[in-house]
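The structure under discussion is supplied below as structure tokens; questions concerning it will follow.
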Amino acid sequence: MYKQKAIRKLAIMGGTFDPIHIGHLVTAEEVRHEFGVDEVLFVPTGHPPHKSNINMTTSEHRYLMTVLATAANPSFKVSRIEIEREGVTYTIDTIKELKRIYGENVRLYFITGADAIHKILGWKDCSELLQICDFVAVTRPGYNKDELLKQVEELNRTYETNIHFLEVPALAISSSNIRKRIGELKPIKYLVPEEVENYIKKHSLYDYDLHLTEDEKAQMYSYVASRLSPKRYAHTRGVVEMALEYAKLNGLDYDETFIAALFHDIAKELPKEESLRLCERYQIDLDDFEKSHLHLAHGKIGAAILEHEWGIHKPSIINSIKYHTVGRLNMTDLEKVIYLADMTEEGRSSYKGKEQIKHLAQYNLDRAMYKALYSSYNYVTNILKQDVHPVTHELLAYYKQFDVDK
Ligand code: ATP
Ligand code: MG
């Protein structure tokens with residue numbers, strides 16, 4: 001007698017996997033178990049429309065790490081379908097292709113984390129997508145579970161679909177956090193499978209050696225230009241030029257200096273409400289003085305924008321932007337260079353001491369720092385008649401030893 005072939009169930013775990021971590025694996029395994037899925041297919045993305053590619057590890061590395069991480073599980077497989085597709089990848093195209101490959105007898109479950117579910121509405125051909133495959137919305141630490149449930153219910157009502165909800169054992173791990181930990185020389189052991197850890201070491205992935213291409217630089221320039229007034233952008237270009245000169249003479253990294261200088265004022269012209277909103281969203285710690293002088297917070301806000309919108313976490317760059325406004329004790333050379341370039345770029349109107357600071361910055365950053373701090377202290381207290389940030393007193397006391405006119 002003819003026997004109808006049983007429907008196979010296939011779950012799809014899409015992601016950048018940059019790198020894959022145990023949060024992904026636990027999630028996939030839980031879906032496999034709960035939905036009686038025959039196979040979980042991991043699909044590393046090619047070029048996701050929402051992520052900038054500046055800091056993205058090559059597809060091949062991400063693919064191989066995914067293979068290493070999943071090799072031991074007989075139900076896990078990895079697909080090259082997205083990484084082999086040219087250009088921007090859309091989920092709808094992937095699902096359609098998988099349907100074609102696997103045929104009619106397969107039911108597809110697309111796994112999405114709590115951070116992605118509410119974005120589905122913005123995806124290409126979303127209503128069609130919701131019709132042709134099942135979705136599983138999984139919980140993720142840091143995202144409100146009830147909120148997720150609400151969103152799922154609302155999507156189900158509006159689109160007459162059946163998005164499933166699944167609570168997975170909580171693992172507060174993300175790829176961005178793992179990359180950040182590597183940059184800060186913190187261990188990633190047990191956060192990723194051992195094979196992945198070894199692979200990362202072997203290929204020195206995420207060591208944050210940036211090698212910017214001309215294209216990437218152009219992309220950064222136009223982003224910054226679009227966020228600043230022409231006047232502020234001209235100042236920024238001046239700071240980039242000056243900082244690169246100081247960096248060269250003081251033996252600092254070109255790319256790091258370039259990014260720090262270019263982005264240093266990225267948050268400078270945000271309206272107050274927007275600044276406050278970002279402080280809350282990115283959980284930025286402001287000290288009491290910054291709270292009452294919000295314009296001083298643009299360094300910290302700018303640094304957070306670079307981290308969240310560009311995925312650049314290298315501490316040397318981030319701190320140079322964070323602390324360029326008033327400085328801090330124990331500044332690195334790059335922090336000093338950005339501070340000094342900001343004060344001495346060609347476009348900045350001339351003031352007493354500017355030429356001397358410029359001259360000193362070319363061979364002794366500490367001597368230049370003393371003059372620069374002294375000059376801004378005078379400006380703020382005598383011309384603007386305002387209070388300086390308390391750290392300025394400490395900085396002046398420390399850098400006094402480098403006063404060339406002593
Ligand atoms: P990044 O920090 O770079 O965004 P990520 O850790 O979010 O990386 P992705 O590759 O973006 O990893 O995630 C792929 C999918 O896995 C997404 O749907 C995401 O929500 C889900 N996911 C990632 N980490 C977890 C986790 N710890 N718990 C549950 N789901 C997760
Ligand atoms: Mg993510």
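Given the structure is predicted, the values throughout are model-derived calculations rather than measurements. Order of appearance sets the numbers: ligands from 1, and atoms from 1 within every ligand.
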Backbone or side-chain N or O of Ala116 under 3.5 Å from ligand 1 N or O |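 In this structure, Ala116 places no N or O atom under 3.5 Å from an N or O of ligand 1.
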Go through ligand 1 atom by atom and flag the ones less than 4.0 Å from a non-hydrogen atom of Gly15.
->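 Heavy-atom distances to Gly15 below 4.0 Å select 10 (O), 14 (C).
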Mind listing the closest non-hydrogen atom pair of Thr27 and Ile111 along with its distance?
-> CG2-CG2, 4.0 Å
All salt bridge (Lys or Arg N to Asp or Glu O under 4.0 Å) counterparts of Glu274, not counting sequence neighbours |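 Salt bridge (Lys or Arg N to Asp or Glu O under 4.0 Å) check on Glu274 returns Arg277.
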Give the table of side-chain donor-acceptor pairs shorter than 3.5 Å for residues 143-155, with sequence neighbours excluded, one pair per line with atom names and distance.
{"residue": "Asn144", "atom": "OD1", "partner": "Asp146", "partner atom": "N", "Å": "2.9"}
{"residue": "Asn144", "atom": "OD1", "partner": "Glu147", "partner atom": "N", "Å": "3.0"}
{"residue": "Lys145", "atom": "NZ", "partner": "Glu167", "partner atom": "OE1", "Å": "3.1"}

For Gly23, the atoms of ligand 1 under 4.0 Å from one of its heavy atoms are 27 (N)
Output field: ring centroids His164/Tyr109 closer than 6.0 Å | yes
How does Asp18 reach ligand 1, by side chain, by backbone, by both or by neither, if only non-hydrogen atoms under 4.0 Å count?
->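 Near ligand 1, Asp18 shows nothing, with every heavy atom at 4.0 Å or more.
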Should the proximity of Ser176 to ligand 1, defined as any heavy atom under 4.0 Å, be assigned to the side chain, the backbone, both, or neither?
-> both
Side chain, backbone, both or neither: Thr27 near ligand 1, heavy atoms under 4.0 Å |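 Side chain only.
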The single option from Phe35, Phe110, Phe165 passing ring-ring contact (aromatic ring centres under 6.0 Å, His included) against Phe135 = Phe110
Answer with yes or no whether Thr139 contacts ligand 1, where contact means a heavy atom under 4.0 Å from a ligand atom.
->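 Contact check Thr139 vs ligand 1: positive.
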Parallel, tilted or perpendicular: rings of Phe263 and Tyr223 (30°, 60°) = tilted
Just distances here: any N/O of Gly113 and N/O of ligand 1 closer than 3.5 Å?
-> yes
What are the atoms of ligand 1, with element, lying closer than 4.0 Å to any heavy atom of Asp115?
->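 Listed by number with element, the hits are 19 (C), 20 (O).
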Answer yes or no: does an N/O atom from His24 fall short of 3.5 Å to an N/O atom of ligand 1?
-> yes
For Ser174, atoms of ligand 1 separated by under 4.0 Å from a heavy atom | 2 (O), 6 (O)
Please identify which atoms of ligand 1 are closer than 4.0 Å to at least one heavy atom of Gly14.
-> 14 (C), 15 (C)
Does Lys202 pair with Glu197 as a salt bridge, N-O distance under 4.0 Å?
->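 No salt bridge links Lys202 with Glu197.
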Among Thr325, Val224, Ile259, Thr236, which one satisfies side-chain contact (heavy atoms from CB on, under 4.5 Å) with His264?
->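 Testing each of Thr325, Val224, Ile259, Thr236 against His264, the sole residue satisfying side-chain contact (heavy atoms from CB on, under 4.5 Å) is Thr236.
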